[in-house]
Engineer: 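Please read through the structure below; I'll follow up with questions.
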Amino acid sequence: MTPQEMEQEQIRLAPQVIVPDAGQGYFAQEDDVVFALDIHYAENTAHVGLHAQTFHGNTLGRFVARFETEVEYLPGFFAFREAPPLLQMIEQVWATGLTPQLLLVDGHGVAHPRRFGVACLVGLKTGLPTIGCAKETLLRYQGDLPDARGSTLPVLLDGDGVGTVLRTQTGIRPVFVSVGHLISLQESERVILELSGKYRVCDPLRHADQLARAHARHEKIPDATVFS
DNA sequence: GCGACAG
DNA sequence: ATCTTGTCGC
């Protein structure tokens, strides 16, 4: 797939993404199941980690798997490299009998030049509420973010608030939250902040990152289900 | 025209 | 993402 073809696909799919207004869409309940996913790469192998927990913090399962990729990383087209292995991983865990109400993806949702980051593609393909949470931004934003945990600034695109700069820990660099699908930006912020314990990255995504990294390094992972 | 650019 | 040493802090 050429960059031009990928761009056309983004333009075709972006209008299908549902971004509820404040007070609308999905709201996380204490016992809802959350899947957080991340990938580490080694050559053409994508090592995926999936951490499953209830919203209030009970771990339900830890999973790792490897998938082959040919797709190169291109800024702005991350979804086409990352989403296929993520979707396969979700299917495998789903087949286990564990089903999520919410997905957390490492990367952007609509805070993207064409409003179609990896969290949008994963959300559309699964039909599940999905939040994108990234450690760097693709879009410029203005203003000074206050130092305190919970502080926010809007990320704008063409005058629309497409994402939020969120300080999850006092004095620590912020993260960038945006809607992937079916959940409002306000609820996305609330969820990410509530799931953030003592680190910059929220606990579920941090656990998924550790799972993926350990699997990429061929380490033994206690209590993890290994698909491949 | 040039640089910047999620993971 | 990955390539990499020491170092500061809980």
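Reckoned from all heavy atoms, side chains included, excluding hydrogens, waters and symmetry mates. Every chain is numbered from 1 and lettered A, B, ... according to where its sequence line falls, protein lines coming before strand lines.
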Engineer: Angle class for the A:F227/A:F63 ring planes (parallel below 30°, perpendicular above 60°, tilted otherwise)?
Structural biologist: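 Judged by the thresholds at 30° and 60°, the geometry between A:F227 and A:F63 is parallel.
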Engineer: Return the value, rounded to whole Å, for the distance between atom CG of A:L157 and atom P of B:dA6.
Structural biologist: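 After rounding, the reported distance stands at 16 Å.
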Engineer: For the pair made of CD1 in A:I192 and P in B:dA6, what is the distance, rounded to whole Å?
Structural biologist: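 In whole Å, B:dA6 P lies 19 Å from A:I192 CD1.
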Engineer: Whole Å only: how far is the CZ atom of A:F116 from the P atom of B:dC5?
Structural biologist: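 So the CZ-P distance, A:F116 to B:dC5, works out to 23 Å.
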Engineer: Whole-Å distance between B:dG7 C1' and A:N44 CG?
Structural biologist: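 A:N44 atom CG is separated from B:dG7 atom C1' by 15 Å.
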Engineer: Quickly work out the A:F67 CZ to B:dG7 P distance and round it to whole Å.
Structural biologist: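 For the pair A:F67 CZ and B:dG7 P, the rounded distance is 21 Å.
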Engineer: Determine, step by step, whether A:H40 and A:H215 satisfy the side-chain contact (heavy atoms from CB on, under 4.5 Å) criterion, reporting the C-alpha distance in whole Å, the side-chain angles of both residues, the deciding distance to 0.1 Å, and the verdict.
Structural biologist: CA-CA 8 Å; A:H40 274 63; A:H215 193 244; over 6 Å; no
Engineer: So A:F77, base contact, sugar-phosphate only, or nothing? Heavy-atom distance under 4.0 Å.
Structural biologist: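 The residue A:F77 makes base contact.
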Engineer: Whole-Å distance between B:dA6 P and A:F80 CZ?
Structural biologist: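 Result: 16 Å.
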Engineer: For A:R200 and A:Q169, which I'm curious about, is there any donor-acceptor pair between the side chains at under 3.5 Å?
Structural biologist: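 Their side chains do not contain a donor-acceptor pair, so the 3.5 Å distance test is not met.
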Engineer: Thinking salt bridges, do A:R213 and A:D38 make one under a 4.0 Å N-O criterion?
Structural biologist: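 Salt bridge absent between A:R213 and A:D38.
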Engineer: Within the 4.0 Å heavy-atom criterion, would you say A:Y41 contacts the bases, only the backbone, or no part of the nucleic acid?
Structural biologist: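 Answer is sugar-phosphate: A:Y41 comes under 4.0 Å of backbone atoms only.
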Engineer: Taking CZ from A:R217 and P from C:dT4, how many angstroms apart are they, rounded to a whole number?
Structural biologist: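 Distance, rounded to whole Å: 12 Å.
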Engineer: Nearest nucleotide by nearest heavy atom, which residue falls closer to the 5' end of DNA chain C, A:K198 or A:D209?
Structural biologist: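 Closest to the 5' end, via its nearest nucleotide, is A:D209.
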Engineer: Looking at B:dA6, I'd like to know if its phosphate oxygens (OP1 or OP2) sit under 4.0 Å from a side-chain N or O belonging to A:K135.
Structural biologist: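 A:K135 to B:dA6 OP1/OP2: no side-chain N or O under 4.0 Å.
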Engineer: Given B:dG7, is OP1 or OP2 found less than 4.0 Å from the side-chain N or O atoms of A:H40?
Structural biologist: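 So the side-chain polar atoms of A:H40 never come under 4.0 Å of the phosphate oxygens OP1 or OP2 of B:dG7.
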Engineer: Can you confirm whether A:Q142 is buried at CD, in the sense that more than 12 heavy atoms of other residues, nucleotides or ligands lie under 6.0 Å from that atom?
Structural biologist: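 Count not over threshold, so no.
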Engineer: Can you check whether A:F176 stacks with the B:dA6 base, using ring centres under 5.5 Å and planes within 30°?
Structural biologist: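 Stacking between A:F176 and B:dA6: absent.
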Engineer: Provide, to the nearest angstrom, the distance between the OH atom belonging to A:Y73 and the P atom belonging to C:dT2.
Structural biologist: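 Nearest whole value for this atom pair: 13 Å.
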